[in-house]
Asks: 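Would you mind keeping the following structure in view while I ask a few things?
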Amino acid sequence: MTVRVRFAPSPTGWLHIGGARTALYNFLFAKKHSGKFILRIEDTDQSRSTDEAIKAILEDMRWLGLQWDEGPEIGGPYGPYRQTERSHLYEEAIKQLLSSGSAYYCFCSPEELEKMREDALSRKLSFRYPRKCRNISLEEAEERIRRGEPAAVRFKTPLEGRIKINDIVRGEVEFDLSQLDDFVIARSDKSPTYNLAVVVDDALMKITHVIRGDDHLSNTPKQVLIYRALGYPVPEFAHLSMILGPDKKPLSKRHGSTAVFEFKNKGYLPEAMVNYLALLGWSFDDKTTFFTPQELIEKFDLSRVSANPAVFDFQKLEWLNGVWIRQLDTKELAKRIEPYVKSDYGENFEIDENFYKLVELTKERMKTLRDFVDWTYFYFIEENEFSIDEKDLKKVAASSGFKDILKEARDELSALSNWDRSEIEKALRELVARLEEKPKKVFQAVRVAVTGRLVSPPLFESLEILGKERTLRRLEKAVLFL
RNA sequence: GCCCCCUUCGUCUAGUGGCCUAGGACACAGCCCUUUCAAGGCUGCGGCGGGGAUUCGAAUUCCCCAGGGGGCACCA
C-alpha cells in the first residue's frame with residue numbers, strides 16, 4: 001500500500017505557521033515513505049474563500065519547498081482538487097447514505113433549532129438535536145420535499161456504542177456514541193457540510209493517513225461513522241497539537257508574525273523555517289537541532305511527534321536562521337540576499353566583487369537576510385546622503401583628541417599607495433602607537449566617521465571595500481564638520 | 001454543562017521502572033577571544049503541576065484532583 005496524505009487548507013487567508021507545520025509533517029511523512037503528498041483546497045465556504053488566497057497559499061508552500069504531487073495547477077488522477085468542483089461526488093454519497101438508511105431528511109428549521117439551543121444553554125444543559133425527524137420514512141420525506149418543504153440531511157448516529165481510534169500521536173482515544181447527535185451532513189441547499197465532504201474526498205483520493213490539527217480530533221468519530229456507512233476503509237489518523245503564543249494562547253497575529261510570507265519578507269530562509277517548524281513538536285534525538293530538508297525526510301517519524309502543544313519561540317527561530325545563514329556558502333548566500341538589497345536600493349543593483357566581500361564580512365553576524373542591508377548601510381548609501389548617527393557621534397566626540405585622531409588618520413591613510421586591508425591596518429596601528437592612544441579609541445573614532453555608526457562590520461575590511469576615495473572624503477568631512 | 005486532548009528548566013525537548021544527584025538546545029548571566037557588533041569556547045542559572053497507590057526502586061505504571069486547550073453549528 002502506498003502512502004497517500006493530504007494537506008487541505010481552506011483559502012480564507014494566508015498560509016499560517018500552524019498550517020505550514022501541518023503541511024510540512026504531511027510532506028515529510030509522504031516523502032519518507034515514498035508516498036504522495038496531495039493538496040486539496042477546501043473552499044466550500046464560498047463567501048470566505050478567495051482565489052487570491054489560493055494563489056498565496058500555493059506560493060508560500062512552494063517557497064517552503066513543499067511541492068505537492070497532486071493538486072491545483074498540476075492535477076492528478078483523483079481530481080478535481082477543489083471542493084467546489086466536486087459537488088456531484090458529495091451528492092452521490094448523500095444519496096447513498098439516504099437510501100441505505102444511514103441518513104435521513106430533517107425538516108426542523110434552523111430557527112427552531114437555534115431557539116432550542118439557546119434555551120438549553122441558558123439552563124446550563126448540553127444541547128443535542130432531539131432526533132425529531134429520525135423516523136420519518138424516506139418515501140414520506142421525499143413526498144414532502146416534492147411539495148417544496150426545505151430539508152437538511154442528518155446522519156443516523158447509533159444510539160449507543162463506542163468508537164475507538166488509534167491515533168498515531170495520541171494513542172487510543174475512545175468516544176461514546178451516546179454523546180454524539182445526529183449531525184447534519186447536507187444543508188437544505190444540498191451543499192455538503194465539512195464532515196461529509198472530508199470523508200468523501202479523503203476516501204475517493206485514497207488517503208491512507210490523515211495528519212491534521214488537533215481541533216479535528218472530536219470530529220473524528222463522526223467521520224469514522226461516515227466511512228463505515230459508505231463502505232470505505234478508515235484511514236490512520238494523526239492529530240497534531242496546536243502552536244501557542246508566549247502567553248500559552250493559540251498563536252495569533254497579536255503575538256507577532258504568523259503568516260509565512262511575513263517571515264519571508266523579514267529575511268528568513270525557507271530551510272530555517274522548515275528546520276524550526278519540524279522541531280516544533282518533533283525531535284529526532286536528545287541533541288540534534290540542525291537538519292537539512294533531505295535529512296528531515298530521512299529522519300522524520302510521526303510516532304515521535306509530541307502530543308503537547310508547543311509555544312512558538314521567535315528567538316529560537318532567529319537563532320536557527322543565523323545558523324543556516326552561516327553555513328551557506330558565500331555565493332549562495334549572496335544570491336539569497338540580492339532581492340532584499342534590490343528592494344531597498346533599487347532594481348538595477350548588480351552582484352559584484354564588493355558585494356561578495358560584504359556578504360562574507362557580515363555573514364556571521366546576520367540573523368536574517370534583511371540584517372545585511374542594515375550592516376552595509378555605509379557602503380550602499382549615496383555619498384551625499386551619508387550621515388553619522390548623532391547619538392553614536394556624541395559618544396565618541398566627547399572624548400579628547402577626537403578631531404586630531406581623525407585628522408591624523410586621514411593623513412596616514414591618504415599616504416597609502418596600496419589600498420588593501422593589511423596596509424590599512426598597518427597604517428592605523430602605527431598611528432595608535434605614535435599617538436600613544438588605546439587602539440579602541442582610534443578605531444572607534446574612525447569607525448564612526450567612516451561607517452556612520454559605532455557598530456559596523458570589521459573596520460579594515462570595511463574601509464578597503466568602501467574604497468580610498470570615499471573613506472578619505474568621509475574623514476575629511478568629519479574633521480571639517482566638527 | 002457534556003465529551004475529548006495536554007501537563008519535564010522561562011521556551012522547544014530527551015527520557016518507555018534502576019544508566020537521572022533528570023541530558024541537550026534557545027534565552028539569560030559571567031568569563032575567555034577581541035578595534036565595535038557578532039560568531040566561537042568555557043562556566044553558571046533553572047524543571048518532573050499536586051495528592052494518593054503499585055514496587056526493593058517511579059519523571060517513567062494506575063487512580064483522583066488542579067490547571068491549560070479543543071470540540072459540542074444547515075463554519076471549516
Side-chain angles (χ1 to χ4, degrees), chain A residues 8-10 12 42-45 47-49 83 106 108-110 113-114 117 120-121 123-129 150-154 167 169-170 173-176 178-181 183-189 191-195 197-198 213-221 239 241-242 244 246 248-250 276 279-290 304 306-320 322-323 326 362-367 371 375 392 425 428-429 432 438-448 451 453-460:
Chain A
S10 39
T12 55
E42 309 219 318
D43 57 349
T44 46
D45 185 349
S47 59
R48 293 196 303 151
S49 300
Q83 287 191 327
C106 171
C108 303
S109 75
L113 292 168
E114 187 52 36
R117 187 173 298 114
L121 206 72
R123 285 190 294 155
K124 299 222 176 208
L125 292 172
S126 56
F127 173 76
R128 217 161 291 152
Y129 171 68
V153 178
R154 287 181 184 273
D167 192 282
V169 339
R170 272 155 223 280
V173 183
E174 266 191 281
F175 296 89
D176 196 334
S178 66
Q179 296 295 331
L180 297 182
D181 65 3
F183 52 96
V184 171
I185 55 174
R187 306 181 184 97
S188 31
D189 68 357
S191 65
T193 61
Y194 167 76
N195 282 122
V198 241
D214 196 326
D215 45 335
H216 293 292
L217 186 56
S218 6
N219 282 323
T220 310
H239 287 95
S241 51
M242 331 201 64
L244 274 25
K248 305 266 193 177
K249 301 277 177 210
Y276 179 71
L279 253 18
L280 200 62
W282 169 80
S283 66
F284 173 64
D285 57 18
D286 59 342
K287 39 179 71 74
T288 319
T289 50
F290 184 86
R304 279 188 66 84
S306 161
N308 52 324
V311 173
F312 191 85
D313 187 346
F314 291 89
Q315 270 184 316
K316 192 159 184 175
L317 202 216
E318 196 176 60
W319 165 78
L320 195 54
V323 172
R326 267 171 263 135
T362 51
K363 189 167 169 177
E364 68 185 22
R365 43 212 105 215
M366 272 187 264
K367 292 261 194 290
D371 284 345
W375 282 106
D392 284 1
E425 174 166 9
L428 289 179
R429 288 209 187 271
V432 166
K438 284 218 160 43
K440 182 169 173 177
K441 186 167 174 184
V442 174
F443 297 151
Q444 284 299 78
V446 175
R447 189 190 307 280
V448 165
T451 71
R453 295 174 192 178
L454 226 31
V455 173
S456 81
L459 186 59
F460 314 127

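For clarity, every value in this text was computed on a predicted model and none was experimentally measured. In what follows, every chain begins at residue 1, and chains take the letters A, B, ... in the order their sequences are listed.
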Asks: Choosing from C3(B), G70(B), A38(B), which nucleotide comes nearest the side chain of P250(A)?
Replies: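 Taking heavy atoms from C-beta onward, the closest nucleotide is G70(B).
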
Asks: Please determine, for C26(B), whether a Watson-Crick or G-U wobble partner exists with both distances under 3.5 Å, and give it or none.
Replies: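 Partner of C26(B): G10(B).
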
Asks: Would you indicate what R447(A) reaches in the nucleic acid, counting non-hydrogen atoms under 4.0 angstrom: base, sugar-phosphate, or nothing?
Replies: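 Touches a base.
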
Asks: Taking N and O atoms by type only, does the side chain of K363(A) place a donor or acceptor under 3.5 Å from a partner on the base of A39(B)?
Replies: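 In this structure, the two groups form no donor-acceptor pair.
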
Asks: Just to be sure I understand the rule, does K438(A) reach a base, reach only the sugar-phosphate, or reach nothing, if contact means heavy atoms closer than 4.0 Å?
Replies: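 Answer is nothing: K438(A) stays at 4.0 Å or more from every strand.
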
Asks: Of the nucleotides G69(B), U13(B), C74(B), which has the atom closest to the S283(A) side chain?
Replies: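 Nearest to the side chain of S283(A) among the choices is U13(B).
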
Asks: Grab the CZ-P distance between R304(A) and U16(B) for me, whole Å please.
Replies: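 Distance, rounded to whole Å: 10 Å.
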
Asks: Kindly point out which of U36(B), C6(B), G70(B) is positioned nearest to the side chain of Q444(A)?
Replies: U36(B)

Asks: Is K248(A) near enough to C6(B) that one of its side-chain N or O atoms lies under 4.0 angstrom from OP1 or OP2?
Replies: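 Checking K248(A) against C6(B): no side-chain N or O falls below 4.0 Å of OP1 or OP2.
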
Asks: Would you classify E174(A) as touching base, sugar-phosphate or nothing, given that sugar-phosphate means primed atoms plus P, OP1 and OP2, and contacts are heavy atoms under 4.0 Å?
Replies: sugar-phosphate

Asks: Remember a base hit wins even if backbone is also touched, and classify H216(A) as base, sugar-phosphate or nothing at under 4.0 Å, heavy atoms.
Replies: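 Contact class for H216(A): base.
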
Asks: Determine the contact category for G281(A): base if any of its heavy atoms lies under 4.0 Å from a base atom, sugar-phosphate if only primed atoms, P, OP1 or OP2 are that close, otherwise nothing.
Replies: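 The residue G281(A) makes sugar-phosphate contact but no base contact.
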
Asks: Select base, sugar-phosphate, or nothing to describe what F312(A) touches, counting heavy atoms under 4.0 Å on all strands.
Replies: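 It contacts nothing in the nucleic acid.
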
Asks: So which nucleotide from A39(B), A76(B), G70(B) ends up closest to the side chain of R326(A)?
Replies: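 Taking heavy atoms from C-beta onward, the closest nucleotide is A39(B).
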
Asks: Out of U35(B), C74(B), G24(B), which nucleotide sits closest to the side chain of A152(A)?
Replies: C74(B)

Asks: To the nearest angstrom, how far is D214(A) atom CG from C3(B) atom P?
Replies: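 Going from CG in D214(A) over to P in C3(B) covers 18 Å.
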
Asks: Using a distance-only test with no angle check, is there a side-chain donor-acceptor pair under 3.5 angstrom linking S178(A) and D176(A)?
Replies: yes

Asks: Please confirm whether the shortest side-chain N or O distance from R154(A) to OP1 or OP2 of C74(B) is below 4.0 Å.
Replies: yes

Asks: Looking only at atom types and distance, does a side-chain atom of D392(A) sit under 3.5 Å from a main-chain N or O of R453(A), one as donor and one as acceptor?
Replies: no

Asks: In whole angstrom, give the distance that lies between atom NZ of K367(A) and atom P of C26(B).
Replies: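 Nearest whole value for this atom pair: 11 Å.
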
Asks: Just the rounded figure in Å: distance from C1' of C6(B) to CG of N308(A).
Replies: 6 Å

Asks: Please name the nucleotide paired to C62(B) by Watson-Crick or G-U wobble geometry with both distances under 3.5 Å, or report none.
Replies: G52(B)

Asks: Look at the side chain of S241(A) and the backbone N and O of N308(A), then say whether any donor-acceptor pair between them is shorter than 3.5 Å.
Replies: yes

Asks: Closest to the D286(A) side chain: G69(B), A76(B), G23(B)?
Replies: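 Taking heavy atoms from C-beta onward, the closest nucleotide is G23(B).
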
Asks: Has Y276(A) got a side-chain atom pairing as donor or acceptor with D313(A)'s backbone, closer than 3.5 angstrom?
Replies: yes

Asks: How many angstroms lie between CZ in F183(A) and CG in N195(A), if you round to the nearest 0.5 Å?
Replies: 6.0 Å

Asks: What is the distance, to the nearest angstrom, from the CG atom on L244(A) to the P atom on C12(B)?
Replies: 8 Å

Asks: At 4.0 Å (heavy atoms only), tell me whether L459(A) reaches a base, stays on the sugar-phosphate, or touches nothing.
Replies: base

Asks: At under 4.0 Å, does any side-chain N or O of R117(A) touch on OP1 or OP2 of A73(B)?
Replies: yes

Asks: Among the candidates U36(B), C5(B), A76(B), find the nucleotide nearest to the side-chain atoms of P458(A).
Replies: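 Given the options U36(B), C5(B), A76(B), the side chain of P458(A) is closest to U36(B).
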
Asks: Between atom CE in M242(A) and atom P in G70(B), what is the gap in whole Å?
Replies: 6 Å

Asks: Give a yes/no on whether any side-chain N or O of R365(A) is located under 4.0 angstrom from OP1 or OP2 of U34(B).
Replies: no

Asks: How close do S283(A) and R304(A) get, counting heavy atoms only, and between which atoms?
Replies: O-NE, 2.8 Å

Asks: Side chain of K287(A) only, please: which of A76(B), G24(B), U35(B) is the nearest?
Replies: G24(B)

Asks: Please give, in whole Å, the distance from C3(B) P to N219(A) CG?
Replies: 18 Å

Asks: I'd like to know if the side chain of D214(A) and the backbone of H239(A) have a donor-acceptor N/O pair within less than 3.5 Å.
Replies: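 No, because the side chain of D214(A) does not come within donor-acceptor range (under 3.5 Å) of the backbone of H239(A).
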
Asks: Can you see if the side chain of S241(A) gets near the phosphate of C6(B) - specifically, an N or O under 4.0 Å from OP1 or OP2?
Replies: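 Checking C6(B) against S241(A), no side-chain N or O comes under 4.0 Å of OP1 or OP2.
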
Asks: Should the side chain of S456(A) and the base of C37(B) be counted as holding a donor-acceptor pair, with the cut-off at 3.5 Å?
Replies: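 Answer is no: no donor-acceptor pair is held.
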
Asks: Taking the side chain of A310(A) as heavy atoms from C-beta outward, which of A39(B), C12(B), G71(B) is closest to it?
Replies: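 Selected nucleotide (nearest to the side chain): C12(B).
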
Asks: Can you tell me if the side-chain N/O atoms of R128(A) get under 4.0 Å from OP1 or OP2 in G1(B)?
Replies: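 So the side chain of R128(A) is outside the cut-off, no N or O lying under 4.0 Å from OP1 or OP2 of G1(B).
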
Asks: Indicate, with a heavy-atom threshold strictly under 4.0 Å, whether P110(A) touches base, sugar-phosphate, or nothing.
Replies: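 P110(A): base contact, heavy atoms under 4.0 Å.
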
Asks: Categorize S191(A) for me: base, sugar-phosphate, or nothing, with a 4.0 angstrom heavy-atom threshold over every strand shown.
Replies: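 Since no nucleic acid heavy atom lies under 4.0 Å of S191(A), the category is nothing.
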
Asks: Using the side-chain heavy atoms of E364(A), tell me which of these nucleotides is nearest: A76(B), A39(B), A27(B).
Replies: A39(B)

Asks: Could you identify the nucleotide paired to G1(B), looking across every strand shown and requiring Watson-Crick or G-U wobble geometry with both distances under 3.5 Å?
Replies: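 Matched G1(B) with C72(B) under the 3.5 Å cut-off.
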
Asks: Which base, if any, makes a Watson-Crick or G-U wobble pair with A38(B), both distances under 3.5 Å?
Replies: none

